[in-house]
Amino acid sequence: MNEYQKIADLLYPNVKDYTFYLNKYKKRENVKGEVTRYAPSPTGYMHIGNFFQMFISYNLAKNTNGVFIRRLEDTDRKREKEGAFEVIEMVMDKFGIYPDEYETLNGEIKGYYGPYIQTERLDIYHSFAKYLVSIGKAFPCFCKAFENKEEILKDRETKFLDNDATEYDACRNLSFDEVKKHIDNGEKFAIRLKTSGDGIKRVTFTDLIKGEITANANAKDVILVKSDGIPPYTFCHIIDDKLMGVTTVVRGEEYISSTPVHLEIIDALGFDRFKYCHNPLICKIPENGNKRKISKRYDPEADMRYYFENGYPIESVLEYLLNLISSSFEEWRRNNPELSWKEFKFGINDITAVSPIFDLVKLNDISKNIISKMTAEEVFNNVLKWAKEYNNSWYELLLNNKDYAIKMFNIDRNIEKPRKDIYKWSSIPELYKYFYDEFYNPSSIEDYDLPNNYKCAKELLNEYLTIFDENDAKDTWFNKIKELGAKYGFAKEVKEFKKNKEAYIGHCGDVCTLIRVAVTGRTQTPDLYEILKLFGKEKIKNRFNKFYEFI
RNA sequence: GGUCCCAUGGUCAAGUGGUUAAGACACCACCCUUUCACGGUGGUAACAGGGGUUCGAGUCCCCUUGGGACUACCA
């Protein structure tokens, strides 16, 4: 037994040989497509950039008939945020993105390559750490870690000053006896990689989005296992990805610069390298004009829960993201207006290399189109679902008279050119409240900027009530309005009015506006004919009477 | 400081050596029109700068500039 093996045994006396795990987790024989994973750490509530990356990963697996894994990377106990993983589970669930393999916090496991929670895999990591020590590619370190971020920042400043390309640790050449002395003292140890980097060597790897990247090879004795016995992301993701048979690592482009470290570890372990796909980061442009990563601290839309609270249909968010991921999505959508986004297959080459700027206006536009294609029933169900969680009074209101609500949502819908004014469910109350008597709230007629017609408003409206028939066809209905208006001095045709403005007090459109205002309290509403039909004579009469108080 | 990534209108973008430099969103105008929408037509608006290579450069190379990421016993 050589010196390295003796140290390894001293450090990890009771650990299985790493080959045990290599044998236990067999290669996936029947999977031809890409095996990808989403590996969130529960350090914050789900961020849109995080979701973006997850969504790319998911699609890559789906589009190639591969496997999509969700793995919880909970190795940073200090930064762990309670409830964060539950939010991730909830968000994925609501968006209908189901991993093929996963583990939930209440212990439900799906897949043969688990556990899928990293803190449940510590023995595995220790085996591989022991192996690296035993072949002299890693070593125990007894130095003191930095306590906080300030210390790190301060240390960084001095490092920048001398710009040393290599960073070898003081403990890298400890003998067995020296190690034993520390251990016997009861000191805790971390494991560091004994880098073969010299600050001159370079590495090249291929990124599926950016192409070939050449960078400085790692030349730091990086931490493989922290002194609390838990490895950092750097080490465990490699072992997990290997054992779980991951083929392509999809992650944010902030990881490009740490890839050389990962490569050295992979090589040291004797694994095959993975394919990499570093996706761009979603950005914002704040006041100062400089692009920056979208952040939950400043941008409410960065938190995925924003879309639930505001009631965006999940398809809207997904399609917007697809639009950012692949430039060919929009054209595909135009050519396939009826298909689900799930039918859209994009290649990895379609993914843009540029960090896109998040555009809420564009998202809203996509959302308007999606909602305009829904049936009234679908709208009703969606609004109801939203209201149940975020607007109790509207939940009651809608549920109270479902038929009425559906008829209301059906106005200007299910036609060739449907109305497109809803992009999120939370705007429904403001948009539709006047359909309910308790919210019918007209103000003084002068406030509506009508032509002079308010002088005869009451008589006209009263007479309209006598001729209104909810069974009239639209043409008949409109003709009646024209005739009635003519009696009071309104032009029957707009063109006629424009030609000879002096002869009339307004035109038939003005009569409509008056009726519209009287019955809804607004100058802007969907189709008036449909509204009147839905309301019926009695309701119209009541509203007219209330409106008279403001004349 | 160092390393890496990125660079076409306000935004998303097409473009793979020869184009009048697409399209979408937003904006503006007009048309349609009972309001608002929808729809239609048109418009404003871009290859960051400088050098090369080439008969020819948005496209290839170099430099500059600008922006971003990383540089932890975080991920």
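Keep in mind the model is a prediction, meaning the values are calculated, not measured. Note on naming: letters A, B, ... go to the chains in the order of the sequence lines (proteins, then strands), and numbering restarts at 1 for each one.
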[N] pairs with which nucleotide, Watson-Crick or G-U wobble, both distances below 3.5 Å?
N: B/rU54; result: none
N: B/rA14; result: none
N: B/rU71; result: B/rG1

A/Tyr233-B/rA75 aromatic stacking (under 5.5 Å, under 30°):
no
Between A/Lys296 and A/Asp303, does a salt bridge (Lys or Arg N to Asp or Glu O under 4.0 Å) hold up when you go through it step by step?
CA-CA 6 Å; A/Lys296 281 187 288 190; A/Asp303 189 325; 5.2 Å; no
With rounding to the closest Å, how many angstrom separate the [atom1] atoms on [N] and [M]?
N: B/rC70; M: B/rA75; atom1: C1'; result: 12 Å
N: B/rU53; M: B/rG40; atom1: C1'; result: 48 Å
N: B/rG58; M: B/rA48; atom1: P; result: 10 Å
N: B/rG67; M: B/rG23; atom1: C1'; result: 26 Å
N: B/rA57; M: B/rU16; atom1: C1'; result: 13 Å
N: B/rC47; M: B/rG9; atom1: C1'; result: 10 Å
N: B/rA45; M: B/rA24; atom1: C1'; result: 15 Å
N: B/rU8; M: B/rG66; atom1: C1'; result: 15 Å

Quick one: does [X] reach the base of [N] with a side-chain donor-acceptor pair under 3.5 Å?
X: A/Lys474; N: B/rU34; value: yes
X: A/Ser258; N: B/rC70; value: no
X: A/Arg156; N: B/rU71; value: no
X: A/Arg419; N: B/rC36; value: yes
X: A/Tyr255; N: B/rA75; value: yes

Taking 4.0 angstrom as the limit, do [X] and [Y] come out as a salt bridge?
X: A/Glu167; Y: A/Lys159; answer: yes
X: A/Arg71; Y: A/Glu103; answer: no
X: A/Arg516; Y: A/Asp527; answer: no

Proximal nucleotide (of [options]) relative to the [X] side chain:
X: A/Ala353; options: B/rC12, B/rA69, B/rC6; answer: B/rC6
X: A/Val361; options: B/rA26, B/rC73, B/rC4; answer: B/rA26
X: A/Phe160; options: B/rA26, B/rC73, B/rG1; answer: B/rG1
X: A/Lys417; options: B/rU3, B/rC38, B/rU34; answer: B/rC38
X: A/Asp76; options: B/rC74, B/rA75, B/rU71; answer: B/rC74
X: A/Glu253; options: B/rC5, B/rC25, B/rU35; answer: B/rC5
X: A/Asp527; options: B/rU3, B/rA75, B/rU35; answer: B/rU35

Check the phosphate of [N] against [X], side-chain N and O only, distance under 4.0 Å to OP1 or OP2. Yes or no?
X: A/Ser355; N: B/rG68; answer: no
X: A/Ser327; N: B/rC12; answer: no
X: A/Lys188; N: B/rC73; answer: no
X: A/Lys226; N: B/rC74; answer: yes
X: A/Lys78; N: B/rC74; answer: yes
X: A/Lys420; N: B/rG39; answer: yes

On RNA chain B, more 5' by nearest nucleotide between A/Ile256 and A/Lys498 is A/Ile256
Comparing A/Thr352 and A/Ile230 on RNA chain B - which has the more 5′ nearest nucleotide
A/Thr352
[X] [atom1] to [N] [atom2]: how many Å, rounded?
X: A/Glu331; N: B/rC25; atom1: CD; atom2: P; value: 14 Å
X: A/Lys368; N: B/rC36; atom1: NZ; atom2: P; value: 15 Å
X: A/Arg516; N: B/rU35; atom1: CZ; atom2: P; value: 8 Å
X: A/Lys154; N: B/rU71; atom1: NZ; atom2: P; value: 20 Å

Could you check whether any side-chain heavy atom of A/Tyr276 comes within less than 4.5 Å of a side-chain heavy atom of A/Thr206, counting everything from C-beta outward?
no
Plane angle bin for A/Tyr233 and A/Tyr255 - parallel if under 30°, tilted between 30 and 60°, otherwise perpendicular:
tilted
Let me confirm one number: the OG-CD1 distance from A/Ser355 to A/Ile282, rounded to the nearest 0.5 Å.
9.5 Å
Looking at A/Lys482, A/Lys498, A/Lys499, which one forms a side-chain hydrogen bond (donor to acceptor under 3.5 Å, both in side chains) with A/Glu493?
A/Lys482
